[in-house]
Amino acid sequence: MDHADIARRLELHDLYTAYAECLDSDALERWPEFFTENCRYRITSAENYDSGLPLGLIYATSKNMLHDRVSALREANIYEPQRYRHIVSGIRIGGEPAGALDIGANFVVIRTMQDGAMTLFAAGRYIDRVVRGEAGFLFARKDVVLDSRQIDTLLAIPL
């Protein structure tokens, strides 16, 4: 591995760290900025992903749809205050198709409710395609593949 490979891996690590920090700090208005204009964001189960089923629990095909999702979370949805903590590990480069990088990573999300109760909210893997933008890597595609079919009814936030 040469210096350029090491620098690229560190930059990808920083992307995933910043992504998790954005979600964990409830800075959801910044969340769409991690994506290209014509991105795809999908949360789906491992079964649906493995079966090639295209739609998901949450599905967006542009950065504008991601902005709309944040607006809906802020203005339309009502739910008990809660905190989330994303732990991302095992970031790996799977391939390099046509100026992009296919990236995989594992994640767990822990939810803390207002009364202090903590639960494992979600676990799974990210299957992503990133491209280099003017200020660094951006997600062109993010598939959030959940290990469990049991999905919490409060799955409103991005993962």
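Here the structure is a predicted model, which is why all the values come from computation and not from measurement.
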Q.
Quick check for you: to the nearest 0.5 Å, what is the distance between Leu53 atom CG and Ser45 atom OG?
A. 8.0 Å
Q) Yes or no on ring pair (Phe, Tyr, Trp, His ring centres under 6.0 Å) for Tyr41 and Tyr59, after CA distance, side-chain angles and deciding distance? A) CA-CA 6 Å; Tyr41 176 81; Tyr59 189 80; 9.4 Å; no
(Q) I want to check a possible cation-pi pair here: Lys142 against Tyr126, using under 6.0 Å from ring centre and within 45° of the ring axis as the test. (A) yes
Q: Please name all residues satisfying ring pair (Phe, Tyr, Trp, His ring centres under 6.0 Å) with Phe34, sequence neighbours left out, ordered by chain then number.
A: Tyr19
Q: Determine whether Leu57 and Tyr49 fall in the same hydrophobic cluster, where Ile, Leu, Val, Met, Phe, Trp and Tyr are linked whenever their side-chain heavy atoms lie under 4.5 Å apart.
A: no
Q) Can you tell me how far CZ of Arg40 sits from CZ of Arg141, rounded to the nearest 0.5 angstrom? A) 5.5 Å
(Q) One pair to check against salt bridge (charged side-chain N to carboxylate O under 4.0 Å, His left out): Asp50 and Arg125. What are the steps and the verdict? (A) CA-CA 13 Å; Asp50 293 342; Arg125 58 191 168 132; 3.5 Å; yes
**Q.** Spatial distance of atom CD (Glu47) from atom OG (Ser148) [nearest 0.5 Å]
**A.** 9.5 Å
Q) Taking all non-hydrogen atoms of both residues, which atom of Ala123 and which atom of Val108 are closest, and how far apart? A) CB-CG1, 3.9 Å
Q) Got Ile103 and Ile91 here, is their nearest side-chain heavy-atom distance under 4.5 Å? A) yes
Q. Does Tyr16 belong to the same Ile/Leu/Val/Met/Phe/Trp/Tyr cluster as Ile127, with side-chain heavy atoms less than 4.5 Å apart forming each link?
A. no
(Q) In the structure I gave you, are the side-chain heavy atoms of Phe107 and Leu146 within less than 4.5 Å of one another anywhere? (A) yes
Q. Taking the inter-plane angle between the rings of Phe35 and Phe139 on a 0 to 90° scale, is it parallel (under 30°), tilted (30 to 60°) or perpendicular (over 60°)?
A. tilted
Q: May I ask whether Tyr84 and Val88 are part of the same hydrophobic cluster, defined by side-chain heavy atoms of I, L, V, M, F, W, Y residues being less than 4.5 angstrom apart, directly or through others?
A: yes
Q.
Between Val109 and Arg85, is there a side-chain heavy-atom distance shorter than 4.5 Å?
A. no
Q | Atom CZ of Arg83 with >12 non-hydrogen neighbours under 6.0 angstrom | A | no
(Q) Return the CD to NZ distance between Glu37 and Lys63, rounded to the nearest 0.5 Å. (A) 4.5 Å
Q: Could you check if a side-chain atom of Leu23 sits within less than 4.5 angstrom of a side-chain atom of Trp31, using non-hydrogen atoms only?
A: yes
Q. Would you call Arg69 and Ile58 a side-chain contact if the rule is heavy atoms closer than 4.5 Å?
A. yes
Can you give each donor-acceptor pair under 3.5 Å made by side-chain atoms of residues 130-137, sequence neighbours left out, with the distance rounded to 0.1 Å?
unit_1: Arg132; atom_1: NH1; unit_2: Glu11; atom_2: OE1; d: 3.2
unit_1: Arg132; atom_1: NH1; unit_2: Glu11; atom_2: OE2; d: 2.8
unit_1: Arg132; atom_1: NH2; unit_2: Glu11; atom_2: OE1; d: 3.0

Q. Does His67 reach the side chain of Glu33, with side-chain heavy atoms less than 4.5 Å apart?
A. yes
Q: Could you walk me through whether Asn106 and Arg92 pass side chain to side chain contact (heavy atoms under 4.5 Å, CB included), step by step?
A: CA-CA 10 Å; Asn106 303 313; Arg92 61 209 168 279; 4.1 Å; yes
Q) Within a strict 4.5 Å, meaning less than it, do heavy atoms of the Leu73 and Pro158 side chains meet? A) yes
Q: To the nearest 0.5 angstrom, please state how far the CZ atom of Arg42 sits from the CG atom of Asn48.
A: 8.0 Å
Q. Salt bridge (charged side-chain N to carboxylate O under 4.0 Å, His left out) between Glu21 and Arg30: does it pass, once the steps are laid out?
A. CA-CA 11 Å; Glu21 190 275 332; Arg30 287 190 303 125; 3.2 Å; yes
Q) Would a distance-only check, ignoring hydrogens and angles, find a side-chain to backbone donor-acceptor pair under 3.5 Å from Asp143 to Val145? A) no
**Q.** Co-membership, hydrophobic cluster, residues Leu15 and Leu28, 4.5 Å side-chain
**A.** yes
(Q) Is there a side-chain contact between Ile110 and His86 in this structure, where contact means two heavy atoms from C-beta onward sitting under 4.5 Å apart? (A) no
